[in-house]
Amino acid sequence: MAFRNLISSDRGAVRSITINRPDKLNALNRETINELQIAFDQARHDDSVRAVVLAGAGEKAFVAGADIAELSAITPIQAQTFSRAGQRMMRTIELLGKPVIARIQGFALGGGLEIAMSCHLRVGSERARLGLPEISLGLLPGFGGTQRLLRLAGRPAALELCLLGQPVDAVRAHQLGLLNRVAAVDALDDEVNALADQLAASAPHALAGILDAILVGGECPFAEAMDFESKAFALTCTTEDMREGTRAFLERRKPAFTGK
Ligand code: COA
């Protein structure tokens with residue numbers, strides 16, 4: 001399907017989904033949220049896709065938040081629908097069953113940080129600025145930001161970023177765990193592509209099990225989470241890739257995973 005606000009392309013088993021509204025710093029309007037829902041549903045169901053890179057077009061911003069022009073005129077009922085659509089789309093990313101990397105070259109603010117936090121890895125350039133500035137609009141994050149930031153960076157950082165609304169730079173974001181890697185501006189794509197290639201060449205069922213154990217198991221009480229992990233572990237032992245990975249180690253060669 002052709003998108004109006006996204007560019008989707010494949011490089012081998014890596015799908016790139018780029019939000020393409022650079023003149024509005026890739027702000028998330030309703031249409032873009034709906035298109036992202038469709039694009040990630042497609043990525044989930046396409047077996048040839050093993051990893052996804054989410055990016056924003058242009059040099060300045062990954063995503064500068066929800067579209068404030070749309071928000072300014074929104075009714076409470078529309079706001080609830082908008083929040084739920086954004087939350088659903090971001091939960092689809094989080095539970096995709098395939099690793100998703102956010103490529104953050106500049107601003108990731110509001111909904112931009114919220115969507116980045118629903119990705120599994122975040123790689124930023126030295127120019128990245130991350131924050132939840134909704135308070136300056138008389139609002140609060142409505143796409144899961146309060147909860148994901150709390151879980152990712154803990155209560156002190158969640159309270160500070162939400163209450164004060166000031167963005168943090170790449171170094172602080174890295175210290176807080178909001179960025180997994182920081183790259184020089186010119187090295188960002190190489191860093192993102194290397195990670196994406198590594199993930200795309202890994203055993204997909206093992207990746208899915210890891211994502212499931214951490215993201216779903218991690219929400220359960222500890223004993224249940226342990227049980228969840230054991231079952232996910234056992235499930236990977238049904239795969240040809242597990243036999244290949246262990247055999248390759250013993251035969252001192254690189255494994256060739258097929259996804260079976
Ligand atoms: N929603 C809608 N439009 C946005 C936007 C958003 N979240 N963020 C930026 N834009 C638009 C601007 O209105 C401007 O459009 P225009 O050229 O038609 O006037 C364009 O993108 C460029 O933004 P501008 O503000 O001129 O760039 P800047 O370099 O001066 O500032 C930011 C960059 C990111 C600091 C600033 O755009 C900003 O604070 N954006 C809002 C961040 C925010 O509060 N996000 C949370 C939303 S809930």
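Nothing fancy with the numbering, it's 1 onward along the sequence. Atoms within each ligand, like the ligands themselves, are counted from 1 in listed order.
Side-chain N or O atoms of N20 include none that pairs as donor or acceptor with a backbone N or O of N5 at under 3.5 Å. Side-chain atoms of T18 never come within 3.5 Å of backbone atoms of A57 as a donor-acceptor pair (strictly under, hydrogens ignored). Remark: side-chain polar atoms of D67 are not paired, donor with acceptor, to backbone N or O of R30 under 3.5 angstrom.
Taking all heavy atoms of A66, S136, A69 into account, the minimum distance to atom 47 (C) of ligand 1 is reached by A66.
In this structure, atom 27 (O) of ligand 1 has protein heavy atoms in its sub-4.0 angstrom surroundings. Proximity of atom 21 (O) of ligand 1 to the protein is indicated by at least one non-hydrogen atom lying closer than 4.0 angstrom. Atom 30 (O) of ligand 1 is not flagged as protein-proximal [any protein heavy atom, distance under 4.0 Å]. For atom 38 (C) of ligand 1, the nearest protein heavy atom is 4.0 Å or more away. Remark: atom 12 (C) of ligand 1 lies closer than 4.0 Å to no protein heavy atom.
Remark: distances from the non-hydrogen atoms of K60 to ligand 1 include one below 4.0 Å. The closest approach between a heavy atom of D23 and any atom of ligand 1 is below 4.0 Å. Contact between D67 and ligand 1 is present, with at least one heavy atom of the residue lying under 4.0 Å from the ligand.
The environment of CZ in R44 is crowded: more than 12 heavy-atom neighbours from other residues, nucleotides or ligands sit within 6.0 Å. A 6.0 Å sphere centred on CZ of R84 holds no more than 12 heavy atoms belonging to other residues, nucleotides or ligands.
Between R172 and E160 there is a salt bridge, since at least one side-chain N of the basic residue sits less than 4.0 Å from a carboxylate O of the acidic one. A salt bridge links R11 with D197: at least one charged nitrogen is closer than 4.0 Å to a carboxylate oxygen. E94 has a carboxylate O that lies under 4.0 Å from a charged side-chain N of R91, or vice versa, which qualifies the two as a salt bridge.
Distance from atom 1 (N) of ligand 1 to its nearest protein heavy atom, with residue and atom name: I68 N, 2.9 Å. Among all non-hydrogen protein atoms, the one lying nearest atom 44 (O) of ligand 1 is P133 CG, 3.6 Å. Nearest to atom 35 (C) of ligand 1 among the protein's heavy atoms is F107 CZ, 4.0 Å. In this structure, the protein non-hydrogen atom closest to atom 10 (N) of ligand 1 is K24 O, 3.8 Å. Given atom 9 (C) of ligand 1, the protein heavy atom at minimum distance is L25 CD1, 3.8 Å.
At a heavy-atom cutoff of 4.0 Å, ligand 1 is contacted by both the backbone and the side chain of A64.
A donor and an acceptor atom, one from each side chain of D227 and S230, are nowhere located under 3.5 Å apart.
L250 belongs to a hydrophobic cluster with F249, counting contacts under 4.5 Å between side-chain heavy atoms of Ile, Leu, Val, Met, Phe, Trp and Tyr, direct or through other members. The hydrophobic cluster around V14 extends to V53, I101, L121, V123, L188, V192, L195, L199, L207, counting ILVMFWY residues whose side-chain heavy atoms fall within less than 4.5 Å of a member.
Proximity to L109 (heavy-atom distance under 4.0 Å) selects the following atoms of ligand 1: 34 (C), 42 (C). Taking every heavy atom of L137 and a limit of under 4.0 angstrom, the matching atoms of ligand 1 come to 44 (O), 47 (C), 48 (S).
Considering backbone and side-chain N/O atoms, G110 never comes within less than 3.5 Å of an N/O atom of ligand 1.
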